[in-house]
Number of protein chains: 2
Amino acid sequence: MPRRASKKVAGELPSSNPREGTAVHAKGTERVGHILDAAMDVLVQDGYAGLSLRGVAQRAGVSLGNLQYYFPTKQDVVRALLARYLEQALQRVHARVEGGGGEPAQRLRHAVDAVLEDQDSPQACQFFAELWALAARDAMVADALAVFYAGYRAGVVELLRQLCPDLTPARRERRAALLVAFFEGLSLFRGGGNLRAASVPGLEQELRVLLEQVLLPQPAL
Amino acid sequence: MPRRASKKVAGELPSSNPREGTAVHAKGTERVGHILDAAMDVLVQDGYAGLSLRGVAQRAGVSLGNLQYYFPTKQDVVRALLARYLEQALQRVHARVEGGGGEPAQRLRHAVDAVLEDQDSPQACQFFAELWALAARDAMVADALAVFYAGYRAGVVELLRQLCPDLTPARRERRAALLVAFFEGLSLFRGGGNLRAASVPGLEQELRVLLEQVLLPQPAL
DNA sequence: ACAGATATAGGTCATATGACCTAATTCTTC
DNA sequence: GAAGAATTAGGTCATATGACCTATATCTGT
């Protein structure tokens, strides 16, 4: 679709060469944040197919030129959006696992609560749905997601280590992977997800019941 | 993007008015099938953003005119593709649950095997990833998926009915929903999925171990 | 005040797309 | 062989897009 694919030829322009959302001043950094917020909105509402630089600029209340000053290309926008979001999400995951002390079982309950709460946001659910679809065609997205899920899984592994120390590390790793997959699948059908119409009331309730059954009798999870 | 949004005004053309992949002759039906195959390929490879009528026509080895003879609009293509695929998938689900007699536990194992086998296909996994993303913006897709998952869940409910008859129907329904969500989540990380790099080896193995643990001791699943 | 970072508005260009149309063939079926 | 289905090739048109460019204006820290 575009005209030139000219990839930063040797001779750069004499003037500055801004890239990748680099902002020097505070106000600029703020702008970059707003632009990414807008990109997030557009991606979630209109999907990747509907994500255009013009659309993002308009949503952000910023000129196209300004947007392209910070993000010369569409890829740059997606890249930055992804990096920002996944980084924050990862921090939240770890904050959950480490914070909120107490006995392991209680911590697991808290962690589950936190995940479910996150999934109440249609934004987050839809964002991930887009990323899953995108990952197949964009190695950068796939890599970023791989990093994110590795961190996510590591958090769950840590929880499992306290809950059932008798499991070998490898098996903990696998069980954590199963749990992460389970929660991601859940996000499809839960409150914020786009398929909540395909769901069933009382899902979360049942999940918690199941959780208690597994936690109380024997540490076999 | 398009020019006219003219929605079938009252006065139709005097000549025939083909729509929705309607084919009268056998060869035509075959063509429609090939076109939908091609659409599937393109959707999986290039995503919805890359799904163009011209692209599908080329992939199918068919002229654009011919494609539009069967499917006047892009929506028609997606609609038909969805209908065909989900219908077949649903039939397979039910075939699994009913077929392959034996004791309930054995049937569950078979069903799990079948689901995992399906997920080995990158095609299927990616197709669903696209649909999940699409569902938020296309009510038709959301509805079709809702029907599909309702059928899927019904199959699982039937299995649960035999495995643990002591559960109330409502709880069976909820547990089935949890299981379906789990399997869908699994598809993200498994062999065919686009995030297999974010996964862990031995996932399926662990899943089966967990399954046996749940099946053997007590019927508490 | 000065340099450089931010920001705006506007334009260009090649390419792509969906929807629409038509005239001319080739198959199928009866 | 005639009617109608199926198919092709080609064209038109409005709209959109990404990338690229520039001149000008404003803001910021020193």
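Throughout, protein chains are lettered first and strands after them, A, B, ... in sequence-line order, and every chain is numbered starting at 1. All figures in this text were calculated on a predicted structure; none of them were measured in a lab. Quick note: numbers below take in every heavy atom, side chains included, and nothing from hydrogens, waters or symmetry partners.
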Determine: side-chain N/O of A:Y69 to OP1/OP2 of C:dT6, distance under 4.0 Å, yes or no.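 For C:dT6, OP1/OP2 do have a side-chain N/O of A:Y69 under 4.0 Å.
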
OP1, OP2 of D:dT8 versus side-chain N and O of B:N66: anything below 4.0 Å?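 Indeed, a polar side-chain atom of B:N66 lies that close.
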
Over 12 foreign heavy atoms within 6.0 Å of CD, A:Q58: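 At most 12 heavy atoms, drawn from other residues, nucleotides or ligands, come within 6.0 Å of this atom.
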
Hey, is A:D37 close enough to A:R59 for a salt bridge, meaning N to O under 4.0 Å?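 The answer is no: the pair does not qualify as a salt bridge.
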
Could you tell me whether B:R107 and B:E158 have a side-chain N and a carboxylate O separated by less than 4.0 Å?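 Result for this pair is no, no salt bridge flagged.
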
Whole angstrom is fine here: how far is it from [atom1] in [X] over to [atom2] in [N]?
{"X": "B:K74", "N": "C:dC20", "atom1": "NZ", "atom2": "P", "answer": "14 Å"}
{"X": "B:Y48", "N": "C:dA16", "atom1": "OH", "atom2": "P", "answer": "19 Å"}
{"X": "B:L67", "N": "C:dG18", "atom1": "CG", "atom2": "C1'", "answer": "12 Å"}
{"X": "B:Y70", "N": "C:dA19", "atom1": "OH", "atom2": "C1'", "answer": "20 Å"}
{"X": "A:Q58", "N": "D:dA16", "atom1": "CD", "atom2": "C1'", "answer": "13 Å"}
{"X": "B:F71", "N": "C:dT17", "atom1": "CZ", "atom2": "P", "answer": "19 Å"}
{"X": "B:D46", "N": "C:dT17", "atom1": "CG", "atom2": "C1'", "answer": "14 Å"}
{"X": "A:Q68", "N": "D:dA19", "atom1": "CD", "atom2": "P", "answer": "7 Å"}

Watson-Crick and G-U pairing of DNA chain D written in dot-bracket, each distance under 3.5 angstrom, with | for inter-strand partners: ||||||||||||||||||||||||||||||

For A:L64 and for A:G55, find the nucleotide of DNA chain D with the closest heavy atom, then tell me which residue's nucleotide is more 5'.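 Nearest nucleotide further toward 5': that of A:G55.
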
DNA chain D: 5'-proximal contact among A:S52 and A:G65 (nearest heavy atom):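 Residue closer to the 5' terminus by nearest nucleotide: A:S52.
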
Does A:R54 or A:G61 map to a spot on DNA chain C nearer the 5' end, using the closest nucleotide for each?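 That would be A:G61.
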
Give B:S63 one of three labels, base, sugar-phosphate or nothing, depending on what nucleic acid heavy atoms sit under 4.0 Å from its own.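 It contacts base atoms.
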
A:L51 near the nucleic acid: base, sugar-phosphate alone, or nothing, with a heavy-atom cut-off under 4.0 Å?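 It contacts sugar-phosphate atoms only.
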
Taking the side chain as every heavy atom from C-beta outward, state whether [X] and [Y] have any atom pair closer than 4.5 Å.
{"X": "A:L178", "Y": "B:L186", "value": "yes"}
{"X": "A:D118", "Y": "A:R92", "value": "yes"}
{"X": "A:V44", "Y": "A:E130", "value": "no"}

Checking A:R172 now: which residues fulfil salt bridge (Lys or Arg N to Asp or Glu O under 4.0 Å) with it, not counting sequence neighbours?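 Here no residue qualifies.
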
